[in-house]
Amino acid sequence: MKRLNVKEHLKLSLVYSGVAAVPPVLQVLIQPVIEGNERLNAMDFSQIGIAEMVTSLAFTITLFSMGNAISRFLYDVEDDRESYNNMVSSVFNSILLRGLILLTAAFFLQNYIGRVFSQEALRNFSSFGFAAIITGINRSIITTAAALYRNEKRVSAFIIVNVANAIVRTGFQLIGLFYFEMSFIGYVYGSAIGSSIVSAGVILFTYRKSGIRFSRGTLNEMNRFAWPLVQYGVLAWGLNFADKYFMERFPSDLGIYFTAVNFALGMQIIIQGLQAATQPEIYRYMKEGTLKHEEEIRSLSNMLMAQSQLIIAMAILPVMAYLTLFYETDVRLASSFIVLIFIRYLPRTQYVIFSFVLYYEKKTKYFLYLNIASLLVNILLNLILIPRFLIYGAVISIMTADIIQVIGAYLYARRIRPFNWNLGKLLYSPLICMGLILLLEISKHTLGLGQYTSAILSVLILISSLVILYRRDIKRLITRI
């Protein structure tokens, strides 16, 4: 395999991250249209957020980590067309089957699920739950298709699926709100209908190309790989749901928190686009030999970390300004928490980088133990901190859990396949930046700092660390371009 072409890789990263940015950008653009004194308020956004957590759980269960599985097993069957068709068609059919089973289970358990919530609108699970689950099933189909196209480097197909999903889903969300019901119900039903149209197109295209197949042998092997990741996914969902569940009895605060988190999720999708460009290249280098391509793998990892940190730094102030200028209700208070919520994606990127080794070596069982520990710590901290500190308590809890995951993934990856990481760039510097910013944000009220003053200082911390660490790489990149 030829040596790493930095310029080509950066172009591909730009394509993937740009395309991945389309759905969250559209979601952000429509929010000022649907938010306001006569439209949706913080309580409505809290209900949309809880419905999204139902969608996310349905997505995790029905996906069954097939995005990761198809990304890894593609390299085992890419030279055998029959095996390829068996794998692709079987994967999509397995998602549909799990979706049908989940909808059936939800039908019989709907009354019990509703009792989990305190808000009356959420206790009526049948009014929104099935639509939320259908959205989750559709998301599984679209995510798996995107993972397949990305690893095959079918850039046009990747762009079409993601952009179509963004436009059609957003359009039906607006139709649901303005022509059906101006509440979270209209939003959820619009999401379900819009995503169903796109996922139906993906399924039909898959059947036309690979036929209708269900290979138990292929799926059994993939499921053995995926099962620990599914457990991890459910636990990761629990990590994300825990703070929302404890805040559900504070609807206005939860709506503000969800708004900030939604902006962060948009940024996360952009960062995932960078990860999407990096993962296939690292897998290919690992396939040819880690020791042989240590320099390329290290360069890719460093670039991913630096790009993620730069995106976080560049996004903070524009997002805060957007919330301040274009929102009318209490939702605009989310601008005060943007810095804290955005920087949690520093350890998330670290975790992804160290996990590449574990995914490639198929050592996925370890994720179960790591995430059980993280979930228990998160729940304990939520119980202690949220009643007293509300959003600040939720942020501290999830950051602590994230750091536990990073350290655990690094230690186990080093044990499985020793590798000469640049720990100054990948581990120490991002965590030091996060620690400094966390102290600054928590103490800004005591110090008498405005939210924009503390945000500017936080951005300077992130940018300064990049300049110090990557000054030679920056000069080299400018020379190559």
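- Counting only N and O atoms by type, the side chains of Y327 and Q31 include a donor and acceptor under 3.5 Å apart.
- A donor-acceptor contact shorter than 3.5 Å is absent between the side chain of Q309 and the backbone of L346.
- Nearest heavy atom pair, residue I134 against residue S196, reads CG2-OG, 3.6 Å.
- Between the side chain of R332 and the backbone N or O of T324 there is at least one donor-acceptor pair closer than 3.5 Å.
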(message) Please determine whether side-chain contact (heavy atoms from CB on, under 4.5 Å) holds for the pair L122 and F128, giving the CA-CA distance in whole Å, both sets of side-chain angles, and the decisive distance to 0.1 Å.
(response) CA-CA 8 Å; L122 296 173; F128 73 94; 4.1 Å; yes
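- We find the CD1-CD1 distance between I61 and I95 to be 13.5 Å, quoted to the nearest 0.5 Å.
- Separation of atoms OH (Y187) and CE (M182) is listed at 12.5 Å; rounding is to 0.5 Å.
- A distance of 11.5 Å separates CD1 in I316 from CD1 in I341, rounded to the nearest 0.5 Å.
- Distance alone, capped at 3.5 Å, is enough to place a donor-acceptor pair between the D44 side chain and the N41 backbone.
- Between the side chain of S65 and the main chain of A226, no donor-acceptor pair closer than 3.5 Å is present.
- Summarising the local packing, CZ of R415 is surrounded by 12 or fewer heavy atoms from other residues, nucleotides or ligands at distances under 6.0 Å.
- No donor-acceptor distance shorter than 3.5 angstrom exists from the side chain of N165 to the backbone of V161, with no hydrogens or angles considered.
- Under the 4.5 Å side-chain criterion, counting only non-hydrogen atoms from C-beta, F241 is not in contact with S56.
- Distance alone, capped at 3.5 Å, is enough to place a donor-acceptor pair between the Q110 side chain and the F107 backbone.
- Looking only at side-chain heavy atoms (C-beta outward), Q173 and R169 come within less than 4.5 Å of each other.
- Taking a 6.0 Å sphere around CZ of R81, one finds it holds more than 12 heavy atoms contributed by other residues, nucleotides or ligands.
- With contacts defined as side-chain heavy-atom distances shorter than 4.5 Å, the pair E82/R213 qualifies.
- Of the possible polar contacts, one joining the T62 side chain to the A58 backbone as a donor-acceptor pair under 3.5 Å is found.
- Of the possible polar contacts, one joining the S195 side chain to the A192 backbone as a donor-acceptor pair under 3.5 Å is found.
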(request) Begin with the C-alpha distance, continue with both residues' side-chain angles, and end with the deciding distance and a verdict on side-chain contact (heavy atoms from CB on, under 4.5 Å) for N262 and Q27. (result) CA-CA 9 Å; N262 283 339; Q27 293 295 291; over 6 Å; no
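- For residues 80-106, there are no ring-ring contact (aromatic ring centres under 6.0 Å, His included) pairs, not counting sequence neighbours.
- The shortest side-chain heavy-atom distance between I50 and F117 falls under the 4.5 Å cut-off.
- Side-chain atoms of S94 and R98 include a donor-acceptor pair closer than 3.5 Å.
- In plain terms, the two heavy atoms of V331 and I256 that are nearest each other are CA-CG1, 4.3 Å.
- Contact check for F389 versus I396: no side-chain heavy atoms found under the 4.5 Å cut-off.
- Here the shortest heavy-atom pairing between S374 and Q405 reads OG-CG, 3.1 Å.
- The side-chain heavy atoms of Y345 and V352, taken from C-beta on, include no pair separated by under 4.5 Å.
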(request) Decide yes or no on side-chain contact (heavy atoms from CB on, under 4.5 Å) for E35 and F45, but give the supporting numbers first. (result) CA-CA 9 Å; E35 182 267 351; F45 281 109; 3.6 Å; yes
(message) Let's go through I101 and L97 carefully: what are the C-alpha distance in whole Å and the side-chain angles of both, what is the deciding distance for side-chain contact (heavy atoms from CB on, under 4.5 Å) to 0.1 Å, and is it a yes or a no?
(response) CA-CA 6 Å; I101 293 172; L97 178 60; 4.2 Å; yes
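- When atom types are taken as modelled, the side chain of S46 and the backbone of M43 share a donor-acceptor pair closer than 3.5 angstrom.
- Here the CD1 atom belonging to I386 is positioned 9.5 Å from the NZ atom belonging to K244, to the nearest 0.5 angstrom.
- Between the OG1 atom in T206 and the CD1 atom in I212 there is a gap of 11.0 Å [rounded to 0.5 Å].
- Between A132 and T55, the shortest heavy-atom distance links the atoms O-OG1, 2.8 Å.
- Looking at every heavy atom in both residues, I353 comes nearest to S301 through CD1-O, 3.5 Å.
- In Y245, the OH atom is not crowded: 12 or fewer heavy atoms of neighbouring residues, nucleotides or ligands sit closer than 6.0 Å.
- Contacts of L375 classified as side chain to side chain contact (heavy atoms under 4.5 Å, CB included), with partners at least two apart in sequence or in another chain: L235, L239, I379.
- Contact of the D243 side chain with the Y257 side chain is registered, since non-hydrogen atoms from C-beta on lie closer than 4.5 Å.
- Using the six-membered ring where Trp is involved, Y189 and F180 have ring planes that are tilted, between 30° and 60° apart.
- Looking at heavy atoms from C-beta onward, F125 lies in side-chain contact with V54 at the 4.5 angstrom threshold.
- Considering CG of L385 and CG of N378, their distance stands at 10.0 Å, rounded to 0.5 Å.
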(request) Applying ring pair (Phe, Tyr, Trp, His ring centres under 6.0 Å), run through Y351 and F354 and close with a yes or a no. (result) CA-CA 5 Å; Y351 176 70; F354 294 133; 9.1 Å; no
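- Formation of a donor-acceptor pair under 3.5 Å by the Q350 side chain with backbone atoms of L426 is found in this model.
- Contact between S127 and I185 at its shortest, heavy atoms only, is O-CD1, 3.5 Å.
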